[in-house]
Amino acid sequence: MFVGINARMVAFVLHGLAVVVLAMVFVWSISYRGGFAWESTNKTLIFNLHPVLTLIGLVILGGEAIISYKSLPFEKRVNKLIHLVLHAIAIILGIVGIYAAFKHHNEKHIPNLYTIHSWVGIGVIVLYSLQWLYSFIVYFFPGGSSTLRRDLLPWHVFLGVFVYVLAVGNSVLGFLEKLTFLEKSGLDKFGSEAFLVNFMAIITILFGTFVLLIVYSKSPPSVEEDNYSYSAI
């Protein structure tokens with residue numbers, strides 16, 4: 001089942017949402033939370049790397065990688081490489097972002113993995129990495145047979161969408177968790193920072209929604225014989 005839209009036109013809206021949410025997360029992290037650091041006596045600066053890197057990696061670059069087959073005007077093998085590389089960068093940024101959260105907790109002597117956000121986050125990065133690894137082997141190098149690629153294609157699509165929806169949902173859960181902690185520490189529930197974080201979560205949801213809309217749009221016609229070498233996801 002496909003949605004009758006022009007994927008490349010909708011992708012422009014998606015890119016605009018990406019710019020907006022990127023600007024918002026940097027304003028929040030720098031103007032409201034004090035900026036970034038890898039080593040600092042102010043441990044909040046270490047934690048600030050977590051939402052920025054995971055949002056850029058797992059949500060924005062992950063989404064751009066997913067839609068690359070339908071949003072980019074290049075030939076299939078070029079889109080395939082872009083798809084692969086963007087996902088790899090997304091995983092790396094996600095891992096560094098998660099490590100920043102652990103580093104912050106360890107240096108402040110805060111327990112790790114005690115919230116649903118952290119549990120789901122570990123699940124997302126593990127599943128994302130496994131999905132990338134098996135897809136690299138089957139669809140890129142050394143590459144499986146046409147029959148194997150065809151048979152695994154539905155699972156590739158399903159797992160890709162599943163992991164991405166988890167990543168978007170967990171990002172929103174992370175915004176909610178952080179905002180709740182801040183409000184318990186005295187942050188004004190109706191102040192500018194609270195509104196910024198809430199709107200950032202809404203834009204993240206919209207971004208993920210447009211990614212899924214493009215995923216389920218009709219693919220551009222392909223003149224290549226092998227339709228199972230890779231998928232739109």
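- Between the side chain of Gln131 and the backbone N or O of His156 there is at least one donor-acceptor pair closer than 3.5 Å.
- Under the 4.5 Å side-chain heavy-atom criterion for Ile, Leu, Val, Met, Phe, Trp and Tyr, Ile203 and Ile205 are members of distinct hydrophobic clusters.
- When side chains are defined from C-beta on, Ser29 counts as touching Phe36, because their heavy atoms get closer than 4.5 Å.
- Heavy atoms from other residues, nucleotides or ligands lying under 6.0 Å from CZ of Phe210 number 12 at most.
- Grouped by direct or indirect side-chain proximity (heavy atoms under 4.5 Å, Ile/Leu/Val/Met/Phe/Trp/Tyr only), Ile46 sits alone.
- Annotation: side-chain hydrogen bond (donor to acceptor under 3.5 Å, both in side chains) contacts of Asn170 (sequence neighbours excluded): His117.
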Using a 3.5 Å cut-off and no angle test, enumerate the donor-acceptor pairs between side-chain atoms of residues 172-184 and protein atoms at least two apart in sequence or in another chain.
{"unit_1": "Glu177", "atom_1": "OE1", "unit_2": "Thr115", "atom_2": "OG1", "d": "3.1"}
{"unit_1": "Thr180", "atom_1": "OG1", "unit_2": "Leu176", "atom_2": "O", "d": "2.7"}

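- Nearest heavy-atom pair, Tyr32 versus Leu196, reported as atom, atom and distance to 0.1 Å: CE1-CD2, 3.7 Å.
- At a threshold of 4.5 Å between non-hydrogen side-chain atoms, the residues Ile82 and Phe74 count as touching.
- Interatomic distance, Asn112 CG to Ile98 CD1, rounded to the nearest 0.5 Å: 12.0 Å.
- Judged as a side chain to side chain contact (heavy atoms under 4.5 Å, CB included), and not counting sequence neighbours, the contacts of Asp151 are Thr147.
- One hydrophobic cluster holds both Leu113 and Ile116 under the rule that ILVMFWY side chains link at heavy-atom gaps under 4.5 Å.
- Residue Phe102 holds its CZ atom at 7.0 Å from OG of Ser118, rounded to the nearest 0.5 Å.
- Using cut-offs of 30° and 60° for the angle between ring planes, the Trp155 and Phe158 rings count as perpendicular.
- Residue Leu81 holds its CG atom at 14.5 Å from NZ of Lys76, rounded to the nearest 0.5 Å.
- When all heavy atoms are compared, the tightest approach of Ile110 to His104 is CD1-CE1, 4.1 Å.
- Listed for the Lys43 side chain is no donor-acceptor partner under 3.5 Å among the backbone atoms of Glu107.
- Residue pairs that meet the salt bridge (Lys or Arg N to Asp or Glu O under 4.0 Å) test with at least one member in residues 152-173, sequence neighbours left out, do not exist here.
- Considering OG1 of Thr209 and CD1 of Ile214, their distance stands at 11.0 Å, rounded to 0.5 Å.
- Listed by chain and number, the residues in a side-chain hydrogen bond (donor to acceptor under 3.5 Å, both in side chains) with Tyr128 are His87 (sequence neighbours excluded).
- Scanning all heavy atoms of the two residues, the minimum distance from His15 to Ile67 falls at CE1-CD1, 4.5 Å.
- With sequence neighbours excluded, no residue satisfies side-chain hydrogen bond (donor to acceptor under 3.5 Å, both in side chains) with Ser185.
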What pairs of donor and acceptor atoms, side-chain ones from residues 48-63 against any protein atom, are under 3.5 angstrom apart with sequence neighbours left out?
{"unit_1": "Asn48", "atom_1": "ND2", "unit_2": "Arg33", "atom_2": "O", "d": "3.1"}
{"unit_1": "Asn48", "atom_1": "ND2", "unit_2": "Gly35", "atom_2": "O", "d": "2.6"}
{"unit_1": "Asn48", "atom_1": "ND2", "unit_2": "Thr44", "atom_2": "O", "d": "3.4"}
{"unit_1": "His50", "atom_1": "ND1", "unit_2": "Gly97", "atom_2": "O", "d": "2.8"}
{"unit_1": "Thr54", "atom_1": "OG1", "unit_2": "His50", "atom_2": "O", "d": "2.6"}
{"unit_1": "Thr54", "atom_1": "OG1", "unit_2": "Pro51", "atom_2": "O", "d": "3.4"}

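- Sequence neighbours left out, not one pair with a member in residues 84-99 passes salt bridge (Lys or Arg N to Asp or Glu O under 4.0 Å).
- A distance of 10.0 Å separates CG in Leu84 from CD1 in Ile89, rounded to the nearest 0.5 Å.
- Taken together through direct or relayed side-chain contacts under 4.5 Å among Ile, Leu, Val, Met, Phe, Trp and Tyr, Leu213 and Phe12 form parts of separate hydrophobic clusters.
- Here the options are Val25, Val168, Leu17, the test is side-chain contact (heavy atoms from CB on, under 4.5 Å), and the partner is Thr204; only Val168 passes.
- Residues Lys80 and Tyr139 share a closest heavy-atom pair of NZ-O, 2.6 Å.
- Taking 4.5 Å as the limit, every side-chain heavy atom of Val10 sits out of range of all side-chain heavy atoms of Asn6.
- Under the 30°/60° scheme for interplanar angles, the aromatic rings of Phe195 and Phe190 are found to be tilted.
- Contact detail for His83 and Ala65: the closest heavy-atom pair is ND1-O, 2.7 Å.
- For the atom pair CZ of Phe140 and CZ of Arg77, the computed distance is 11.5 Å after rounding to the nearest 0.5 Å.
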### Task
Output, in order, the C-alpha distance, side-chain angles, deciding distance and verdict of side-chain contact (heavy atoms from CB on, under 4.5 Å) for Phe199 and Val20.
CA-CA 10 Å; Phe199 276 112; Val20 171; over 6 Å; no

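- Under the ring pair (Phe, Tyr, Trp, His ring centres under 6.0 Å) criterion, His105 pairs with no residue, sequence neighbours left out.
- Both Phe141 and Leu130 are part of a single hydrophobic cluster, where members link through side-chain heavy atoms under 4.5 Å apart.
- Evaluation of the side chain to side chain contact (heavy atoms under 4.5 Å, CB included) rule for Tyr99 yields Trp38, Lys103 as partners, not counting sequence neighbours.
- Closest of all the heavy-atom pairs between Leu152 and Tyr134 is O-OH, 4.0 Å.
- In this structure, the side chain of Trp132 does not engage the main chain of Leu127 through any donor-acceptor pair within 3.5 Å.
- Residues that satisfy the side-chain hydrogen bond (donor to acceptor under 3.5 Å, both in side chains) test with Lys108, not counting sequence neighbours, are absent from this structure.
- Taken together through direct or relayed side-chain contacts under 4.5 Å among Ile, Leu, Val, Met, Phe, Trp and Tyr, Ile122 and Val96 form part of one hydrophobic cluster.
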